[in-house]
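Working notes for the structure below.
Here is the naming used below: chain letters follow the sequence lines, and residue numbers restart at 1 for every chain. Given the structure is predicted, the values throughout are model-derived calculations rather than measurements.
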Amino acid sequence: MRRQPAKPRATAAVDEVGLRLRAIAVTGAVSLAFLAVGAQLVRLAAVNSGVILQSNISEPVAQSFSRPDLVDRNGRLFATDVENPSLFADPAVIIDRDEVVEKLTKILPELNGRDLRRDLSDRSKRFVWIKRQIAPQLAQRIHDLGLPGLAFRTELKRAYPLARLAGHVLGAVNVDNRGVSGMERYLDDSASVEAVHGATLSERAPVRLSLDVGVQHSLVEELQDATKRYKAESATGVVMDVNTGEVLASASLPEPDPRLGSAADTQQTDRITGGTYELGSIFKVLTVAQSLDAGLSTLDTIYDVRQPLVEGRFTIKDLHPLGRPASVRDIFLHSSNVGAAMIALKSGGEQQKAFLGKLGLLDQGRTQAGPIAMPQVPKRWERIEQITIAYGHGLAVAPLQFAAAAAALVNGGELVKPTFLRGHGDGAKTRVVSAETSRQIGDLMRLNVTDPAGTGKRADVPGYRVGGKTGTAEMAAAGGYAKKSVISSFVAAFPMEKPQYVVMVMIFKPQGTDETRNEITAGHNAAPTAGRIIARVAPLLGVMPEPVQAASGATQATIATPN
Amino acid sequence: MRFITTTSIFLALSSAFLLYGLNYDTRQLEARVAQEELAVAKARSDIAVLKAERAYLTRPERIEPLARAQGLAAATDKQFARDIPMIVGSVSK
């Protein structure tokens, strides 16, 4: 109708077209804006499913500690942190207190209902721990109850996948994940434990212990076997690298369970580091070494051991008197108390004391896991002390310290410090005996195993060149010594042409059995135990067995046969 | 004059849209970062659990009987030849 506008109204028509265009432009712009807003709304509704909200849930502030892993010398895991739910309540939000108490005690029977009711009745509190570190399955069941006012917080919990293995060395942590003993305590002291909020796993590199999982396991198994076999009260053992002092395995039965936390701490003492013992005849290794090193005796020096030694009201006798004058070598092989006493008397008390002091046996030692038990040193050091200490009575030391001293005697004569960390045993060494003395002691120990008369012959392992010395010490009892209660011990080293490892075994209160022909001396129980341990751990430690000598003629013949 | 006004209106509008869009993109990115961080934390936690479980499964207490059942045992001197020529010789025969 308006297609043919009248000429006079031309300007008005132009205005009208302009207005229309403007109206369209404005409408377009506005609807475009609304469209953009709408699209953005759709996008927000569809894409973002509340992720932004999630991070705003406020967590109750509580500290936890993240710890680096503990691994063995080859990187196998001993201890690690895992996240674990802990249950807490907000009493102000709880609706039906009785229902909460009833249902929770059903799922967690170890909770005390009365205490729980009391804790939850204080509505001014906004945060009450109910149970920390519960199993994820139980946490799920509690979550499924759908009770208001109950919530979870993840915390770090120490996990020990190998259970009791090396429990004494590892130590334990408390519920806040702080170390309370052993190497766990060391982690706290060396500042590699961090305080964190919530459950943040540690990013620090794992701490590498000197222990070897395989060696430790073999040691524990053989010691358990020995306690059964010899009807003993307990057994302990330690395997040490003679050159670095690194402890590859250390066990004192029974091993504590680190998973029990602080409760495990006082459960069983570690006899390797926490107890001191009169070790008996294995001390003769030291007595002989001292005399050889001071040049007071050679292996062939003769001592008259026919008569018992009388000193004041004491008489020192041998269990099986030799009945003839004996060389130092014979005294060692037959483990003559009289002979050892005479060797010690020849050098005198001052020198004896100085020598033991040089080996660190008179002072308190320390490892990363804490102090070693203080040696019990006699107050006076008269002739009688010289005599008894010569064969290992009157001076009580921790087995770990003795093992370190034995390592020093066979490694070429340099002092080592026992350590539970890998790669910590290097550094400047102090010489305690000459290389020549060290070699002679090594030969004596080897001879004690190979010689048919030697007390250690049951410790031999074909191919692994074991050497060692036995010791049977009567246990101190009220008013003297108990004849039937002994600690039988064996200190061994292998391979003897260049010793790499020291193995020390102690069996507490062994009894005579058919297998030992009713004997309770170390040669019948501790020595074969040490042998079995070495047979199992030597391959793990990469010690090459030497094939038992084949007839050399045959070898020559095969060389000649090719072609 | 009119040109300047239109251009500036256009510029103002477009920059408003741009900012609006940028703002939301940033928030979205933040949300994604939070999400990824959560995933990382979850993965780390899973790794910790798996590590512990692997150590539990390879504990010597469990492996030993299995190995023994396979007929494996500690090496003894009997597994080692005295020297190489002996083996070479016996093989070449």
### Query
Heavy-atom distance under 4.5 Å to chain B: side chain of A:Ala36, backbone, both or neither?
side chain
### Query
Between A:Leu540, A:Val82, A:Val537, which residue shows the highest count of heavy-atom pairs closer than 4.5 Å to chain B?
A:Val82
### Task
May I ask you to check whether A:Tyr501 and A:Phe494 place their ring centres under 6.0 Å from each other?
yes
### Query
Any side-chain donor-acceptor pair under 3.5 Å between A:Glu184 and A:Tyr160?
yes
### Task
State whether a side-chain donor-acceptor pair under 3.5 Å links A:Gln216 with A:Glu255.
yes
### Query
In terms of heavy-atom pairs under 4.5 Å, which option from B:Arg62, B:Lys51, B:Arg54 contacts chain A the most?
B:Lys51
### Message
Taking A:Arg158 first and then A:Asp81, would you say they form a salt bridge - that is, a charged N and a carboxylate O separated by under 4.0 Å?
### Response
yes
### Query
Relative to chain A, which segment of B:Glu64 carries a heavy atom at a distance below 4.5 Å: side chain, backbone, both, or neither?
side chain
### Contacting region of A:Pro539 [heavy-atom separation from chain B under 4.5 Å]
side chain
### Query
What's the shortest heavy-atom distance between A:Arg204 and A:Pro68, and which atoms?
CB-CB, 4.1 Å
### Side chain, backbone, both or neither of A:Tyr464 within contact of chain B (heavy atoms, under 4.5 Å)
side chain
